[in-house]
Amino acid sequence: MISGHTQLAAVIGDPVRHSLSPAIHNAAFEATGLDWLYVALPVAAGSAPRALDAMRTLGISGLNVTMPHKDAIAAAVDVQTPAVAKLGACNCVFRHGDQLVGDNTDGDGFVTALRLESGADPAGMRVAVLGAGGAARAIIDALARHGAARIDIINRTAPRANAAALLSDIAVVGSSADLHHADLIVNATSVGMGDDGSSPVDPTVLCSEQIIADIVYNPFQTPLLSAAQAAGATTVGGLGMLVHQAAASFERFTGVTAPIEAMTTAATNALR
Ligand code: ATR
């Protein structure tokens with residue numbers, strides 16, 4: 001029951017109506033018995049600082065941030081976590097007393113999903129990351145913090161790969177020749193999304209000793225994941241990162257342990 005005591009959380013973005021976050025977070029509130037409600041709020045480009053003012057004025061308890069506002073919100077919060085300070089991008093704003101704290105849960109969400117789904121730890125791994133956009137940068141930063149030995153960044157546009165390589169001492173600009181040597185290959189591009197039907201790598205380079213992770217979650221089974229399974233590799237799909245970045249946000253907002261199973265079920269059902 002929504003009452004005068006119900007606390008509000010939201011995701012802002014443009015477009016945002018397709019977001020799975022309301023389904024995932026409302027399922028989590030229900031599973032934990034919290035009197036909270038989560039909605040999607042379309043906010044036009046350029047209006048992010050005013051959305052943050054609205055969060056203060058209206059007493060909104062937690063905010064997730066998606067395209068195109070991640071950079072503008074990172075610059076406008078009162079306190080940045082080290083991940084946000086490094087990435088200049090924020091996907092989660094929570095309250096600490098009177099202050100609005102900006103965090104980035106994308107990278108740690110990926111690492112949690114990787115650990116749970118593959119049983120492997122990034123520490124000591126040689127990684128190839130495909131892509132150098134916002135998602136790739138968050139993943140590179142998190143893999144470096146969690147002890148990866150080397151990260152080769154492979155991107156269509158060279159200047160973006162160069163910029164991403166500055167995130168960590170262990171990150172370098174790579175090429176498709178590095179894929180053979182990788183323990184872990186991460187697709188952090190949008191290749192394979194929707195009806196695209198294409199794989200970001202030549203399937204013949206994949207082998208059974210590798211872990212292949214895709215951040216694309218729609219379709220659930222991407223062409224890359226199919227090729228990886230055919231090669232006998234361990235696979236990690238994109239839904240786990242989506243759920244675990246949401247779980248980390250939920251915990252920042254509420255201080256309550258996230259109900260992962262309920263959130264995973266909600267994400268899976270919302271995708272169908
Ligand atoms: P996100 O925030 O989801 O990471 P983004 O910042 O727009 O989105 O980054 C998208 C990534 O997918 C980029 O690395 C992009 O490559 P460019 O930097 O060259 O643009 C990559 N990407 C998108 N479409 C691609 C395609 N058809 N082939 C190869 N890479 C592609």
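Read the numbers this way: they start at 1 and go in the same order the structure lists the ligands and their atoms. Treat the numbers as computed from the prediction; the structure is a model and nothing was measured.
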Name every donor-acceptor pair, under 3.5 Å, that has one atom in a side chain of residues 158-179 and the other anywhere in the protein, sequence neighbours excluded.
{"unit_1": "Ser168", "atom_1": "OG", "unit_2": "Ile170", "atom_2": "N", "d": "3.1"}
{"unit_1": "Ser175", "atom_1": "OG", "unit_2": "Ala177", "atom_2": "N", "d": "3.3"}
{"unit_1": "Asp178", "atom_1": "OD2", "unit_2": "Ser175", "atom_2": "N", "d": "2.7"}

Residue contacts for ligand 1, heavy atom to ligand atom, distance under 4.0 Å: Gly131, Ala132, Gly133, Gly134, Ala135, Asn155, Arg156, Thr157, Arg160, Thr189, Ser190, Val191
Only distances under 3.5 Å count here; give the side-chain donor-acceptor pairs of residues 28-38 to other protein atoms, sequence neighbours excluded, each with its distance to 0.1 Å.
{"unit_1": "Thr32", "atom_1": "OG1", "unit_2": "Ala28", "atom_2": "O", "d": "2.7"}
{"unit_1": "Thr32", "atom_1": "OG1", "unit_2": "Phe29", "atom_2": "O", "d": "3.3"}
{"unit_1": "Asp35", "atom_1": "OD1", "unit_2": "Thr6", "atom_2": "OG1", "d": "2.9"}
{"unit_1": "Tyr38", "atom_1": "OH", "unit_2": "Asn64", "atom_2": "OD1", "d": "2.7"}

CD1 on Ile212 to CG on Leu224, rounded to 0.5 Å: 6.5 Å
Donor-acceptor contacts, no H, no angles, side chain residues 256-268, under 3.5 Å, sequence neighbours left out:
{"unit_1": "Thr264", "atom_1": "OG1", "unit_2": "Ile260", "atom_2": "O", "d": "2.8"}
{"unit_1": "Thr265", "atom_1": "OG1", "unit_2": "Glu261", "atom_2": "O", "d": "3.0"}
{"unit_1": "Thr268", "atom_1": "OG1", "unit_2": "Thr264", "atom_2": "O", "d": "2.7"}

Side chains of Asp108 and His146 in contact at under 4.5 Å (non-hydrogen atoms): yes
Leu206 and Val201, any side-chain heavy atoms less than 4.5 Å apart: yes
